[in-house]
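Reading through the structure tokens given below for one structure.
Both ligands and their constituent atoms are indexed starting at 1 by order of listing.
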Amino acid sequence: MLLAAVSGRADATQPDYHFANASLVVVVLLACCVALLVLLAVVIVKFRHTATALRAEIARHAQTELQLLDSNKELLQMATTDQLTGLSNRRAILQRAQAEIRRANRYHKDLAVLMLDIDHFKQVNDQYGHATGDKVLIEFAGLCLQSIRETDLAGRYGGEEFFILLPEIDLKTAILSADRIRIAVAQRPFSLSDGNSLTVTCSIGIAMYQPEQDDLDKLLLRADQALYQAKRQGRNRCCVQHHGYTDN
Ligand SMILES: Nc1nc2c(ncn2[C@@H]2O[C@H](COP(=O)(O)OP(=O)(O)OP(=O)(O)O)[C@@H](O)[C@H]2O)c(=O)[nH]1
């Protein structure tokens with residue numbers, strides 16, 4: 001009967017004819033539904049694949065970005081840190097000093113710099129070797145770090161010369177701080193690899209920032225002059241260059 005309806009040869013006046021037609025429509029509709037469901041399933045599977053791939057890609061990108069951030073941090077660290085002592089290097093010191101000068105100007109705050117130099121350091125190298133000299137530099141750096149506040153900055157200016165930046169400090173306190181470091185260095189037994197120890201001293205030049213007259217170069221020059229003065233006067237001492245006078 002169904003075949004008859006399909007072929008169009010059935011009698012349209014017969015009830016069987018209508019039944020056959022309805023059945024055909026139902027079959028076609030069912031086939032369409034099945035086809036749609038299959039299509040939907042295919043689309044869902046494909047979408048899931050794409051979503052998984054996309055998630056993996058996003059995770060990869062996030063990972064790469066994290067690695068990049070880490071590398072940048074490491075690069076910045078390398079560019080601003082002295083490799084031997086782990087203190088800020090000269091470049092980082094100068095940047096921070098410049099920033100502190102701007103802050104001192106804006107908020108009318110005091111600012112002091114200390115220039116420290118280990119006395120007769122060449123003799124340490126000559127007598128105990130370069131490796132021991134390096135160890136002394138590392139321990140000296142640690143001592144500087146221990147002696148300052150969190151808001152201060154200690155750095156290696158170059159060779160056996162160190163630098164400490166003391167924001168928001170008056171001259172009297174800056175001198176006390178410098179002398180505390182000097183005494184701590186002189187009393188410290190620096191360890192040698194054979195178990196013995198040696199002592200060293202340091203000289204310290206102190207300069208206070210003078211807002212009306214100073215820029216960074218002038219401030220550093222005065223700290224350097226004060227250090228030179230300390231060396232000339234016999235070492236193991238602190239000297240000050242402030243408002244046009246030198247004192248110790
Ligand atoms: N071990 C070691 N020595 C260094 C380093 N950088 C610089 N020096 C040495 O530091 C010494 C500095 O010597 P000088 O400039 O003559 O000064 P000094 O012997 O400390 O004498 P004064 O500063 O006048 O008291 C030199 O022998 C340099 O080779 C370093 O990274 N490691």
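- For the pair Arg103 and Tyr107, the cation-pi test (distance below 6.0 Å, angle within 45°) is failed.
- Between Asp214 and Arg222 there is a salt bridge, since a side-chain N of the basic residue sits under 4.0 Å from a carboxylate O of the acidic one.
- Remark: minimum distance from atom 24 (O) of ligand 1 to any protein heavy atom is reached at Arg235 NH2, 2.9 Å.
- Between Phe121 and ligand 1, at least one N/O pair is under 3.5 Å apart.
- Side-chain contact of Asp117 with Tyr157: a donor-acceptor pair under 3.5 Å is absent, judged by distance alone.
- With atom 30 (C) of ligand 1 as the reference point, the heavy atom nearest to it among Gln83, Lys231, Lys122, Arg156 is part of Arg156.
- What sits closest to atom 32 (N) of ligand 1 on the protein, heavy atoms only, is Asp134 OD1, 2.7 Å.
- Contact atoms of ligand 1 toward Asp117: 23 (O) (distance under 4.0 Å to a heavy atom of the residue).
- The residues Asp119 and Lys231 are annotated as salt-bridged, a charged nitrogen and a carboxylate oxygen being separated by less than 4.0 angstrom.
- Given atom 17 (O) of ligand 1, the protein heavy atom at minimum distance is Glu160 OE2, 3.4 Å.
- Note: an N/O pair closer than 3.5 Å links His130 and ligand 1 by distance alone.
- The two residues Ala223 and Ala207 come nearest to each other via the heavy atoms N-CB, 3.6 Å.
- Contact annotation for Ile118 and ligand 1: only backbone heavy atoms (N, CA, C, O) come within less than 4.0 Å of the ligand.
- At a threshold of 4.0 Å, the pair Lys73-Asp70 does not count as salt-bridged, since none of the basic side-chain nitrogens sits closer than that to a carboxylate oxygen.
- By the criterion of a heavy-atom distance under 4.0 Å, the side chain of Asn125, and not its backbone, is placed next to ligand 1.
- Summarising the geometry of Cys202 relative to Phe140, their closest heavy-atom pair is CB-CE1, 3.9 Å, with the distance given to 0.1 Å.
- Annotation for Asp170 and Met208: closest pair C-CE, 3.9 Å, computed over non-hydrogen atoms.
- Nearest-residue assignment for atom 25 (O) of ligand 1 (options His120, Glu161, Lys135; heavy-atom criterion): His120.
- On a distance-only criterion, Gly133 and ligand 1 share no N/O pair closer than 3.5 Å.
- At a heavy-atom distance under 4.0 Å, no atom of Asp126 approaches ligand 1.
- For the residue pair Arg156 and Asn89, no side-chain donor N or O sits within less than 3.5 Å of a side-chain acceptor on the partner.
- For atom 7 (C) of ligand 1, the nearest non-hydrogen atom of the protein is Gly159 CA, 3.5 Å.
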